[in-house]
Amino acid sequence: MLPHAVPAGAEDDGVVGEDTEDQEHGVEPARPPLTAARAREMTAGLREAMDDVRRSVAVLAARVRDAHAARVWLPLEHSSWESYCRAGFGISRAQAYRLLDVARALAAIHDAVTAGPGLSRTRDTDPGTAAALDSACPSAP
């Protein structure tokens, strides 16, 4: 039988492939409704897993940054950073550089957060300070 064919004698409710569409896309069939408490519990578990992934990516990115900065591929006799990444981890040079970008972005965020409440160069400072900054750093015409 074809996936969207209606068996003989079955009523056609006008909805094509309702029973098989989720299965074709790898989604499980609908389940009975959850209670609000169970939905909150599942959401908390999902949030925890996402936080774990974020922490893991941050650690991975920092270690990739450190390995790149130390030029670890040289004493290990790889011809390049790309060769090292492919042989050691099965990732491309582009993937490794994306992790380096993540590490740089996380470091910048960390630096900005830990810098404290010093003067800002944006308009969130008081008007007198903003004017002083504008005169010290004039914009291009």
Side-chain angles (χ1 to χ4, degrees), residues 1-134 136-141:
M1 175 186 280
L2 296 173
H4 295 295
V6 177
E11 270 187 39
D12 183 359
D13 62 2
V15 179
V16 177
E18 180 179 5
D19 294 348
T20 60
E21 187 172 337
D22 284 344
Q23 294 154 348
E24 288 174 10
H25 297 289
V27 178
E28 293 184 26
R31 295 181 179 180
L34 295 174
T35 64
R38 179 67 181 129
R40 281 191 290 276
E41 181 182 310
M42 289 178 77
T43 300
L46 181 57
R47 187 173 292 117
E48 182 180 334
M50 286 183 177
D51 288 344
D52 290 345
V53 168
R54 286 183 188 108
R55 279 189 293 276
S56 294
V57 168
V59 168
L60 174 61
R63 290 182 181 175
V64 168
R65 179 201 59 217
D66 294 347
H68 185 265
R71 302 176 60 92
V72 296
W73 64 93
L74 295 175
L76 297 174
E77 299 181 1
H78 287 278
S79 59
S80 65
W81 170 246
E82 179 178 8
S83 169
Y84 170 75
C85 290
R86 283 204 188 282
F89 314 106
I91 64 172
S92 70
R93 179 179 179 267
Q95 289 168 314
Y97 277 107
R98 279 194 288 277
L99 287 167
L100 288 171
D101 289 342
V102 168
R104 287 184 195 107
L106 290 173
I109 291 168
H110 179 267
D111 292 349
V113 169
T114 59
L119 287 179
S120 171
R121 296 184 121 185
T122 63
R123 296 290 180 186
D124 62 346
T125 59
D126 69 54
T129 304
L133 288 172
D134 284 344
C137 305
S139 351

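Between Ala67 and Trp81 the shortest heavy-atom distance is C-CZ3, 4.2 Å. Pairing each heavy atom of Cys85 with each of Ala96, the nearest pair is SG-CB, 3.5 Å. The shortest non-hydrogen separation linking Val57 to Val102 is CG1-CG1, 4.1 Å. The two residues Gly90 and Gln95 come nearest to each other via the heavy atoms O-OE1, 4.5 Å. Contact detail for Ala61 and Ala103: the closest heavy-atom pair is O-CB, 3.4 Å.
In this structure, CZ in Arg40 is found 11.5 Å from CG in Leu34, a value given to the nearest 0.5 Å. Here Asp101 contributes atom CG and Arg98 contributes atom CZ; the two are 9.0 Å apart, rounded to the nearest 0.5 Å. Note that the OH atom of Tyr97 and the CD atom of Glu82 stand 9.0 Å from one another [nearest 0.5 Å]. Between the OG1 atom of Thr114 and the CD1 atom of Ile109 there is a distance of 11.5 Å, given to the nearest 0.5 Å. Note that CZ of Arg104 and CG of Leu99 are 11.0 Å apart. Values are rounded to the nearest 0.5 Å. Once rounded to the nearest 0.5 Å, the distance linking CG of Leu60 with CD1 of Ile91 reads 7.0 Å.
The aromatic rings of Trp73 and His68 sit tilted relative to each other, their planes meeting at an angle between 30° and 60°.
Between Arg63 and Asp66 no salt bridge is recorded (no basic side-chain N to carboxylate O distance below 4.0 Å).
Within a 6.0 Å radius of CZ in Arg47, other residues, nucleotides and ligands contribute 12 heavy atoms or fewer.
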